[in-house]
Amino acid sequence: MGNITLKNVSKSFGATIIIPNIDLVIEDGEFVVFVGPSGCGKSTLLRLIAGLEDTSSGTINIDGRDVTSEAPGKRKLAMVFQSYALYPHMTVAKNIAFPLKMAGESKEAIEKKVADAARVLNLTNYLERRPGQLSGGQRQRVAIGRAIVRQPSAFLFDEPLSNLDAALRGTMRLEISELHHQLKTTMIYVTHDQVEAMTMADKIVVLNAGNIEQVGSPMELYKTPKNLFVAGFIGSPRMNLIEGAPADKHGAKTIGIRPEHLGISRSAGEWKGKVGVAEHLGSDTFLHVHADGIGMVTVRAEGDVGVSHGDDIYLTPDAAKLHRFGADGQAI
Ligand SMILES: Nc1ncnc2c1ncn2[C@@H]1O[C@H](COP(=O)(O)OP(=O)(O)OP(=O)(O)O)[C@@H](O)[C@H]1O
Ligand SMILES: [Mg+2]
């Protein structure tokens with residue numbers, strides 16, 4: 001089981017309030033991603049759940065048990081960090097076995113658990129190597145293996161992939177998602193990478209300055225962001241946020257339109273503009289258009305559109321996909 005409930009949780013360091021007041025329910029077996037800009041309190045929140053920091057107020061429950069003042073070792077959670085401190089002189093097998101050995105488990109039990117974890121993580125052929133003889137991704141898998149053997153009620157990941165290059169990050173992202181399908185254990189995953197959040201999460205928690213801006217499935221956040229912050233944070237390239245006359249026309253302070261929801265035409269359309277930089281990715285083209293009376297608008301067109309720098313162009317937002325926000329920044 002791995003049901004985690006936070007009630008009125010706050011955290012201050014000295015006089016500085018980092019997390020003002022958070023309520024959050026994480027269901028057993030869920031893959032929950034905490035996402036938000038640097039310094040918004042993601043790691044702090046994870047460390048509060050792990051017991052590595054004390055709450056300033058509020059309660060944390062795991063499977064109905066109040067663990068607020070319980071030591072980290074008693075919470076049955078396993079944490080995987082960005083920098084995976086493996087023991088360099090020990091083999092992969094010994095590194096994975098380490099927590100079990102510390103817990104005094106039998107040799108047979110340890111061997112079985114290490115073999116099981118190695119199979120799940122595709123490390124079976126590397127068990128006798130030392131960390132120095134592994135790639136970054138393999139080392140991170142060893143660190144995850146060390147967490148798996150403890151059979152925790154939840155895994156807590158703090159930006160586990162940010163030391164890896166882009167290609168390896170993509171691969172490891174899939175591996176961790178696959179691992180979650182196999183183990184079905186609750187996972188809380190911290191990242192500031194909204195692509196990781198969108199692709200891995202059952203549920204995303206968007207944090208901003210220690211507050212929860214919105215909680216929802218990736219598609220809920222994409223389709224119905226509750227406010228300007230979430231609208232601007234989720235989605236890549238970013239949603240275009242436009243104020244002034246075009247927004248007035250829709251009875252809003254700000255309108256939002258995602259780059260993929262703008263139609264382009266050479267001859268006619270709602271907004272007139274001139275193409276600035278055109279990024280041709282093959283599968284897509286990103287056009288940065290200087291729109292008259294609006295400013296810079298990003299357009300995502302499928303395939304390789306034959307438009308280049310300096311071309312005159314018309315843009316038409318898909319009315320059904322338009323987002324409207326009031327003066328308070330909340331969605332109308
Ligand atoms: N021990 C501490 N004492 C004082 N302030 C701290 C302490 N730990 C964290 N903070 C502050 O709390 C805020 C949140 O930090 P936290 O590490 O949770 O951010 P984060 O969202 O994980 O950021 P990043 O994406 O950069 O890892 C920051 O402003 C940080 O400076
Ligand atoms: Mg952090």
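By convention here, the first residue in the shown sequence is residue 1. Read the numbers this way: they start at 1 and go in the same order the structure lists the ligands and their atoms.
Remark: ligand 1 atoms within the under-4.0 Å shell around heavy atoms of Thr44 are 14 (C), 15 (O), 16 (P), 18 (O).
Scored by the side chain to side chain donor-acceptor pair (under 3.5 Å) test, Thr224 finds no partners at all (sequence neighbours excluded).
Ile18 CD1, 3.1 Å is the protein heavy atom nearest to atom 12 (O) of ligand 1. Looking from atom 25 (O) of ligand 1 to the surrounding protein, the closest heavy atom is Lys42 NZ, 2.8 Å. Protein heavy atom at the shortest distance from atom 26 (O) of ligand 1 is Ser38 OG, 2.5 Å. Scanning the protein for heavy atoms near atom 28 (C) of ligand 1, the closest one is Gly39 O, 3.8 Å. Of all protein heavy atoms, the one lying nearest to atom 1 (N) of ligand 1 is Phe13 CE2, 3.4 Å.
Relative ring orientation between His180 and Phe31 is described as perpendicular, the plane-to-plane angle rising above 60° on a 0-90° scale split at 30° and 60°.
Annotation: Lys94, atom NZ; neighbour count of heavy atoms from other residues, nucleotides and ligands within 6.0 Å does not exceed 12.
For atom 30 (C) of ligand 1, no protein heavy-atom neighbour is found at a distance under 4.0 Å.
Residue pairs meeting the side-chain hydrogen bond (donor to acceptor under 3.5 Å, both in side chains) criterion with at least one member in residues 321-330, sequence neighbours excluded, do not occur. Sequence neighbours left out, the pairs with a member in residues 238-251 that pass side-chain hydrogen bond (donor to acceptor under 3.5 Å, both in side chains) are Lys249-Glu270.
Only protein N, O or S atoms were considered, and those under 2.8 Å from the Mg ion (ligand 2) are Ser43 OG.
Distances from ligand 1 to the non-hydrogen atoms of Cys40 include at least one value under 4.0 Å. The closest approach between a heavy atom of Glu53 and any atom of ligand 1 is not below 4.0 Å.
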